[in-house]
Amino acid sequence: MDKTVILTGLRANNDLHIGNYFGALLPIIELAHKYSSNDYQINLFVPDLHSFTTPIDHSKLYEQTIRNIKLYVAAGLPIDNDNILLYRQSFVPAHSELTWILDNFTTFSALRRMQQFEDKAGLLKDNEAEEDSDEHLVLRQSLTHQQLNTVSVGLFNYPVLMAADILLYDATYVPVGADQTQHLEFTRDLAMHVNNKFISHGELFTIPKSIKEQNEFFNRSAPLKIKDLISPDKKMSKSNQSDRGVIFLNDDPNESAKKIMSATTDNLGLIGSDPDKQPGVHNLMQILALLSGSSLDDVLTTWVGRTSYSELKSAVAEKTKTFITSLQETYSTINDQQILDKVARDEVTVNAIANAKIAKVHSAIGLRQ
Ligand code: ADP
Ligand code: TRP
């Protein structure tokens, strides 16, 4: 029986932060522990080709990729399990090739609907990004020449490469954050379209499960969204303009505590439980819950009704410092060669899987007989 494939990737456009850690990395590692039986194959990769769809410092990309892989391991990813495949996207040329092929079955308007393109192309201001879709339609029509002159075709085409990442391996489950679910829906639509078009060749691609089924499988209701410490109306992000609101996993531990102490709160003077009224304070309690391994409800029970924001900040700062220190200690004990060997081995394995899929696609679309 074929194994069920669970696949995901984290871009290496910058160092990872606590939002990536709790929102994506830890859930994946838990999954890897839970599902690395012989019935499942876990594909965890670094989408390094996706890492420069917005400008980066290219002299750091290679090292950044390796650092992120080491962080997976420092965070607890087992590397002695052949059901877990760890690899870099650019080391598997089939990803790029399938992207080109799929591009020809993708319409301009399907890509033009993608929210991430809107946000990252700077077509919307940050606080407009989550508003309703009618408004987006209006804003979308007002693309200026200047915007078109600065945004790359790579950013526009991002979802097709992501679809190729998923479809090459017939992945069924793809754990991603809220900002990526639209790309997953796009992948499903594209796969169904291509499967139907070449139906005489059997089912070319496995259709990943719907978002609803994915959420059921991963047993989660709402994806986590840690907010920026300085601008708690925005999510904490690798690409936020200022580093002051972002706790990077490789921050100096004292510096990370200082960032917490200078987090934006409000002037109500009373800790409440409404995230809309007090986004900064609520975010701090959310971070405290994650760092203490407690539920948010328990943290709310302890803190709501108290009046000292600085006590709350001190509690979060101390936990943050301990967490960052301990993660960095584990990171420093990692044997680089052991990880590079695992990645090199797994890249041979995944190239074979991906090339077999490309051969089927070539034959379906008429490039080979
Ligand atoms: P970033 O916005 O920091 O560049 P990515 O878009 O590369 O992050 O996302 C990598 C993964 O981390 C995704 O699954 C995403 O949903 C998750 N993630 C990113 N930021 C956060 C956050 N602030 N809170 C929770 N999860 C997050
Ligand atoms: N787009 C994802 C993100 O920004 C990263 C990614 C690229 C990915 N290819 C993927 C995630 C395939 C899951 C599956 O987080």
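Everything quoted here is computed from the prediction, not taken from an experiment. First listed ligand is number 1; within each ligand, the first listed atom is number 1. Worth knowing before you read on, the calculation uses all heavy atoms, side chains too, and leaves out hydrogens, waters and symmetry mates.
Considering backbone and side-chain N/O of Q180, one or more are found under 3.5 Å from N/O of ligand 2. Residue K227 has no N or O atom closer than 3.5 Å to an N or O atom of ligand 1. Where the criterion is an N or O separation shorter than 3.5 Å, residue side chain and backbone included, M236 meets it with respect to ligand 1. For N20, a nitrogen or oxygen atom sits less than 3.5 Å from a nitrogen or oxygen atom of ligand 1, counting backbone and side chain alike. Considering backbone and side-chain atoms alike, H183 places every N or O at 3.5 Å or more from each N or O of ligand 2. Backbone and side-chain nitrogen or oxygen atoms of Y158 are examined, and one is located within less than 3.5 angstrom of a nitrogen or oxygen of ligand 2. On a distance-only criterion, G19 and ligand 1 share at least one N/O pair closer than 3.5 Å. Ligand 1 has no N or O atom lying under 3.5 Å from any N or O atom of V176, backbone or side chain.
The part of R11 lying near ligand 2 is the side chain, judged by heavy-atom distances below 4.0 Å. Counting heavy atoms under 4.0 Å from ligand 2, residue D179 does not touch it at all. Counting heavy atoms closer than 4.0 Å to ligand 2, residue L10 contributes nothing at all. Here Y169 has no heavy atoms under 4.0 Å from ligand 2, in either its backbone or its side chain.
The backbone N or O of V176 sits nowhere less than 3.5 Å from a side-chain atom of T8 that would complete a donor-acceptor pair. Formation of a donor-acceptor pair under 3.5 Å by the S294 side chain with backbone atoms of L290 is not found in this model.
Ranking protein heavy atoms by distance to atom 20 (N) of ligand 1, first place goes to K235 NZ, 2.9 Å. In terms of protein heavy-atom proximity, atom 4 (O) of ligand 1 is closest to K238 NZ, 3.1 Å.
Scanning all heavy atoms of the two residues, the minimum distance from T206 to D170 falls at N-OD1, 2.9 Å.
Other residues, nucleotides and ligands place no more than 12 heavy atoms under 6.0 Å from the CZ atom of R244. Within 6.0 Å of atom NZ in K357, more than 12 heavy atoms from other residues, nucleotides or ligands are found, so the atom counts as buried in its surroundings.
A side-chain N or O of Q41 and one of N43 form a donor-acceptor pair less than 3.5 Å apart.
Atoms of ligand 2 found under 4.0 Å from any heavy atom of V176 (numbered from 1 in listed order, with element): 11 (C), 13 (C).
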Item to check | Evaluation steps, salt bridge (charged side-chain N to carboxylate O under 4.0 Å, His left out), between K342 and D80 | outcome: CA-CA 8 Å; K342 156 92 178 151; D80 55 355; over 6 Å; no
Item to check | Derivation and outcome, salt bridge (charged side-chain N to carboxylate O under 4.0 Å, His left out), residues D15 and R67 | outcome: CA-CA 8 Å; D15 284 315; R67 248 213 322 266; 2.7 Å; yes
Checklist entry - Where do E185 and R188 land on the salt bridge (charged side-chain N to carboxylate O under 4.0 Å, His left out) test, with the steps shown first? => result CA-CA 5 Å; E185 293 288 9; R188 282 167 47 81; 3.7 Å; yes
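For the pair H17 and ligand 1, a heavy-atom separation below 4.0 Å is found.
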